[in-house]
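Take a look at the structure set out below.
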Amino acid sequence: METVKEKKNDPKKTATIKITGAEAIIHCLLAEGVDLLYGYPGGAIMPVYDELYKFQDKLTHVLTRHEQGATHAAQGYARVTGKVGVAMATSGPGATNLVTGLADAQIDSTPMVCITGQVPRHLLGSDAFQETDIIGISTPVTKWNYQITKASEIAEIMAKAFYIAKSGRPGPVLVDITKNAQFEEFEFSYEPCKGVRSYNPVPKPDKNAIAAAAELINAAKKPYIVWGQGVILGKAEAQLKAFVEKTGIPAAWTILGASALDTDHPLNVGMVGMHGNYGPNVLTNECDLLIAIGMRFDDRVTGSLDTYAKQAKVIHMEIDPAEINKNVKADIAVLGNSKETLELLLPLVQKNTHEAWHDEFKKRYQIEFDEVIKNDIHPTKQGLTMGEVIEEINLASKNKAVIVTDVGQHQMIACRYAKFKQSKSNITSGGLGTMGFALPAAIGAKMGAMEREVVAVIGDGGYQMTIQELGVIFQHQVPVKIVVLNNDHLGMVRQWQELFFDKRYASTVMVNPDFVKIAEGYHIESKRVSERKDLKATVQEMMASDKPYFLEVKVEKEDNVFPMIPSGASVSDIRLK
């Protein structure tokens, strides 16, 4: 039964039809442009899956092997496309298995909508089978959440969910829908959300603040830029490049900001943070002006706040007012989308080169190269290093690959040495540091950008946390490349134990399975490399393949990642060895 009403105001508003709540969920997804989602069915969400079966020609569902894998895949998809990732699960354990991915997406500002089934409304609060208060559980790790208990709420709540997830500073939203609401019929029409009362996602830039910022920039002798993921989320890559090139200011990046500016750009001075580059870290405490663009001054970037950039004036350009003065006091706060604020700032700043200041970065780079980089990328030792593997991937991909990393030593090495020519090329778990992120995130990234080469670089520890997602690669023939850097240890924990716990290696030795045989069990082409003479040819073979490929590289067991700022120390106390 259908009744059609005339659409008067919004051309995107759908006709009114009488359908079930379950079918309405599918129509909402289609109206928001969703064509791919990840999930795992179960009793409380089964009506939606039944309707999903009828729409297979319009909406592809990917069955992950664990609900956490669904969230990470949705994150990878969102990070590489800029669209909202979607994951779906049943109630109880299905819903709680989404929590890690929600927390990861929340702290890394990833737009995601998660849909969970729930027991019928009359059973809420009765401890029914697979009933869990997912709203209460997920409240701290979502941008917004809501429980739908009647079908008539679906259109408005779903529209609001997508709007909140993607607007302003993005983040994850969870919508929990009771089973009775999925079965109920109602008069459905869909209108995209254009605003929410009391929610101002993008502050209007203050032109006085921008003029004051320009005055500081023009007067500075040693200005320094640190940019973060806000540049990528704000689609401000071109504006950042224009700003850097006009002002001549050296610019460094946080790990989530990587790839917004070409790695080889002459004004790109490298990475800040605990395992960042030597110059960008120590010179933070020598600049006279620090310009932070779309970054939140997290502890891995600042080290000890008591000593961080105390000599400098600080300009903080940020979309989220909650980040201003949270960790580092700003002399001038420039609120707004980074694209818009940089465009307003650009005509006001003077052209400059700051050559003497740049020389300071070059001197520090040479020190780091001699002490660290040449040994990581061109080692003389017999065993393979993680750095030389990343360098071979750079060469074989011509710096065009999307690199998806897990968490640990391999992550820091990849972030240090991967080279990028295109934005949205570095996908990693930043703030939460989720082991197990990379494999499912790489699947989502590849399915979101089939035209791009996607390489998952993973440690042997994190790989085994979501290794079951090889089943998705096999079932859907996702041509992702997987590189496991195997040192038979939980490498980063072992490094800390060596440096700070008198070499008491408690529970960090890994007795690993035969990774090649496991991949072969999923019918994925696989190889293992343990000698330098075989590395280049094998990496080239992997990158040339148009099918899924697994490569295990046996690397040095006791290599450490340097430079390193000890936890809680000043950025000036960075260690080269």
Query raised in the report: Picking from D488, N487, N560, what satisfies side-chain hydrogen bond (donor to acceptor under 3.5 Å, both in side chains) with R494?
Result: N560

Query raised in the report: How would you list, by chain and number, every residue that makes a side chain to side chain contact (heavy atoms under 4.5 Å, CB included) with T132, sequence neighbours excluded?
Result: T96, I137

Requested in this report: Any chance you could lay out the side chain to side chain contact (heavy atoms under 4.5 Å, CB included) test for L283 and W357, step after step, and finish with the verdict?
Outcome: CA-CA 10 Å; L283 293 175; W357 178 225; 4.0 Å; yes

Requested in this report: Measure the CD1-OG1 distance between I217 and T247 for me, rounded to the nearest 0.5 Å.
Outcome: 7.0 Å

**Report entry** Intermediate values then yes/no, side chain to side chain contact (heavy atoms under 4.5 Å, CB included), K83 and Y77
**Finding:** CA-CA 8 Å; K83 300 177 182 178; Y77 173 88; 3.6 Å; yes

Requested in this report: Kindly indicate, with the supporting measurements, whether the criterion salt bridge (Lys or Arg N to Asp or Glu O under 4.0 Å) is fulfilled by E318 and K326.
Outcome: CA-CA 12 Å; E318 172 62 45; K326 185 175 83 173; over 6 Å; no

Requested in this report: Measure up the F369 and Y365 rings against each other and bin them: parallel (under 30°), tilted (30 to 60°), perpendicular (over 60°).
Outcome: tilted

Query raised in the report: Salt bridge or not for E360 and K222, using N-O below 4.0 Å?
Result: no

Query raised in the report: Got a sec, which residues hit ring pair (Phe, Tyr, Trp, His ring centres under 6.0 Å) with Y38, two or more places apart in sequence or on another chain?
Result: none

Query raised in the report: Taking the six-membered ring for Trp, are H358 and F361 parallel (under 30°), tilted (30 to 60°) or perpendicular (over 60°)?
Result: tilted

Query raised in the report: Got a sec, which pairs hit side chain to side chain donor-acceptor pair (under 3.5 Å) with one end in residues 223-242, sequence neighbours left out?
Result: E237-S423, Q239-E343

Query raised in the report: What residues form a salt bridge (Lys or Arg N to Asp or Glu O under 4.0 Å) with K481, not counting sequence neighbours?
Result: E453

Donor-acceptor pairs are to be reported for all side-chain atoms of residues 412-421 against protein atoms at under 3.5 Å, with residues two or more places apart or in another chain.
unit_1, atom_1, unit_2, atom_2, d
R416, NH1, H275, O, 3.3
R416, NH1, G276, O, 3.3
R416, NH1, E368, OE2, 3.0
R416, NH2, E368, OE2, 2.7
Y417, OH, D376, OD2, 2.6

For residues 206-215, which side-chain donor-acceptor pairs fall under 3.5 Å, sequence neighbours excluded?
unit_1, atom_1, unit_2, atom_2, d
D206, OD1, N208, N, 2.8
D206, OD1, A209, N, 3.4

